[in-house]
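Just so it is clear, the model here is predicted, and its values are computed rather than measured. Chain letters run A, B, ... following the sequence lines, proteins first and then strands; every chain starts at 1. Hydrogens, waters and symmetry mates play no part in the numbers below; they use all other heavy atoms, side chains included.
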Protein chains: 2
Amino acid sequence: MPSRLIVSRELADLFRQLAHADRLRLIEELRHGEKDVTTLGLALSLPTSRVSQHLALLRAHRLVEERRDGRNHFYRLAQPFIADWILQALPLVDIRARLEEAEHIDAARALWSAPAPNSSH
Amino acid sequence: MPSRLIVSRELADLFRQLAHADRLRLIEELRHGEKDVTTLGLALSLPTSRVSQHLALLRAHRLVEERRDGRNHFYRLAQPFIADWILQALPLVDIRARLEEAEHIDAARALWSAPAPNSSH
DNA sequence: TGCATACATGCACATTCTTGCAAATTTCAG
DNA sequence: CTGAAATTTGCAAGAATGTGCATGTATGCA
């Protein structure tokens with residue numbers, strides 16, 4: 001019974017969904033609660049159509065859930081701990097990058113860990 | 001200063017390397033210590049050339065390190081905790097898959113968590 | 001009903017990955 | 001030096017993804 005193979009495929013599939021900067025930012029953006037598509041688009045400076053496509057992917061993989069209110073669609077993390085889990089990977093990023101941009105990592109950790117920053121670049 | 005954007009790109013890059021079943025299996029295979037290419041190939045039923053290619057990728061991203069001894073190249077995890085971190089993602093895999101193959105996940109967790117199983121499928 | 005807002009979808013094109021094999025390299029044994 | 005073992009590399013073809021835009025759909029409001 002190829003349990004290991006099957007599970008590794010499931011995991012690989014999950015990682016594939018997370019292998020995109022925009023989607024990671026969306027997840028972190030939802031870290032502190034639900035937001036609608038337009039808000040997310042403004043926060044990440046992305047066209048809503050793109051945001052919508054990403055969210056559709058994340059939703060298909062049960063990473064986010066949707067709630068409709070009028071003409072707004074609010075999205076939230078299906079399993080909030082994913083945001084923390086992702087941040088735990090920071091020490092794993094390429095060592096060169098870490099040395100060169102250690103500041104960025106610390107800054108990002110601070111930003112993403114903050115209560116709810118008003119998006120800053 | 002686009003710290004968040006930069007870091008999200010670094011992370012996405014990391015996830016991309018992990019978005020492949022074979023590479024995940026290689027990492028879990030190295031969980032308990034270094035192994036050489038041929039051994040890994042036999043364990044995963046993959047041609048050594050493929051294993052070598054995957055390892056080259058993982059090495060380029062500083063996820064594994066190499067040690068040469070004679071004509072054997074031994075690989076090991078650069079940061080062992082990655083194996084545990086990956087397993088922490090199991091609860092995140094698609095719910096349908098979880099319901100249908102919960103057994104596999106439990107089985108896999110057991111297998112991968114075991115001291116050093118002699119590879120079983 | 002008619003129009004604007006908020007999202008979702010469908011497509012075509014470009015780019016990146018994966019894969020299987022053949023061809024190099026490096027090292028050890030005789 | 002010669003050949004085999006252990007690995008790495010180079011390629012080409014096919015599969016997946018990402019991207020920009022145009023089009024569709026649903027909802028709120030006058």
Side-chain angles (χ1 to χ4, degrees), chain A residues 5-6 8-27 29-30 33-76 78 94, chain B residues 5-6 8-27 29-30 33-76 78 94:
Chain A
L5 212 176
I6 292 177
S8 62
R9 278 203 231 283
E10 295 283 350
L11 281 174
D13 204 46
L14 167 65
F15 282 120
R16 210 173 300 122
Q17 305 315 314
L18 300 178
H20 192 296
D22 292 344
R23 290 196 288 274
L24 288 179
R25 291 204 292 160
L26 282 173
I27 291 175
E29 204 63 39
L30 295 177
E34 66 176 21
K35 291 187 177 174
D36 67 294
V37 182
T38 299
T39 300
L40 290 170
L42 288 175
L44 308 193
S45 298
L46 293 175
T48 62
S49 68
R50 184 91 57 81
V51 173
S52 181
Q53 290 177 315
H54 285 315
L55 289 173
L57 264 185
L58 295 178
R59 188 163 56 130
H61 286 265
R62 306 286 197 281
L63 296 181
V64 300
E65 294 173 341
E66 184 201 34
R67 175 178 75 81
R68 303 190 178 194
D69 179 27
R71 40 186 164 183
N72 298 309
H73 295 199
F74 292 90
Y75 285 86
R76 61 174 177 285
D94 192 305
Chain B
L5 212 177
I6 291 178
S8 62
R9 276 204 234 283
E10 294 283 351
L11 281 174
D13 202 48
L14 166 66
F15 282 120
R16 207 173 304 121
Q17 305 316 125
L18 301 178
H20 192 296
D22 291 344
R23 290 196 288 274
L24 287 179
R25 290 204 293 159
L26 282 173
I27 290 176
E29 203 63 41
L30 295 177
E34 63 176 22
K35 290 187 178 175
D36 67 294
V37 182
T38 300
T39 299
L40 290 170
L42 288 175
L44 307 193
S45 298
L46 293 175
T48 62
S49 69
R50 182 92 58 80
V51 173
S52 181
Q53 291 178 316
H54 284 316
L55 290 173
L57 264 185
L58 295 178
R59 187 162 57 131
H61 287 264
R62 306 284 197 283
L63 297 181
V64 301
E65 295 174 339
E66 185 201 33
R67 174 178 76 82
R68 303 191 179 194
D69 180 28
R71 39 188 163 183
N72 299 309
H73 295 198
F74 291 90
Y75 284 87
R76 62 175 177 285
D94 191 306

Along DNA chain D (nearest heavy atom to each residue), the more 5'-positioned of Thr39(B) and Ala19(A): Thr39(B)

Short side-chain N/O contact from Asn72(A) to OP1 or OP2 of dC7(C), under 4.0 Å: yes

Whole angstrom value for the distance that separates C1' of dA6(C) from CG of Leu46(A): 16 Å

Distance, rounded to the nearest Å, where Leu58(B) contributes CG and dC17(C) contributes C1': 14 Å

Rounded distance in Å - CG (Leu57(B)) to C1' (dT7(D)): 16 Å

d(CG, Leu44(B); P, dT19(C)) in whole Å: 13 Å

Contacts of Gln53(A) that satisfy side chain to side chain donor-acceptor pair (under 3.5 Å) - sequence neighbours left out: none

Those residues that, when tested against Ala78(A), pass side-chain contact (heavy atoms from CB on, under 4.5 Å) (two or more places apart): Glu65(A)

Just the table, please: protein N/O against nucleotides 9-17 of chain D N/O, every pair under 3.5 Å.
{"unit_1": "dG10(D)", "atom_1": "O6", "unit_2": "Gln53(B)", "atom_2": "NE2", "d": "3.1"}

Qualifying residues under side-chain contact (heavy atoms from CB on, under 4.5 Å), relative to Arg67(A), sequence neighbours excluded: Glu34(A), Asp69(A), Phe74(A), Arg76(A)

Any Tyr75(B) side-chain nitrogen or oxygen under 4.0 Å from OP1 or OP2 of dT8(D): yes

Separation of dA6(D) P from Phe74(B) CZ (nearest whole Å): 11 Å

For atom NE2 of His73(A) and atom P of dT25(D), their distance in whole Å: 15 Å

Distances under 3.5 Å between protein N/O atoms and the N/O atoms of nucleotides 26-30 of chain C, please, pair by pair.
none

Interatomic distance, Phe15(B) CZ vs dC17(C) C1' [rounded to whole Å]: 19 Å

Nearest-angstrom distance from the residue atom NE2 of His61(B) to P of dC17(C): 9 Å

Trace of the side chain to side chain contact (heavy atoms under 4.5 Å, CB included) decision for Tyr75(A) with Asp36(A): CA-CA 6 Å; Tyr75(A) 285 86; Asp36(A) 67 294; over 6 Å; no

Residue list, ring-ring contact (aromatic ring centres under 6.0 Å, His included) with His20(A), at least two apart or on another chain: His54(A)

For Arg16(B) against Arg23(B), the heavy-atom pair lying closest together: O-NH2, 3.5 Å

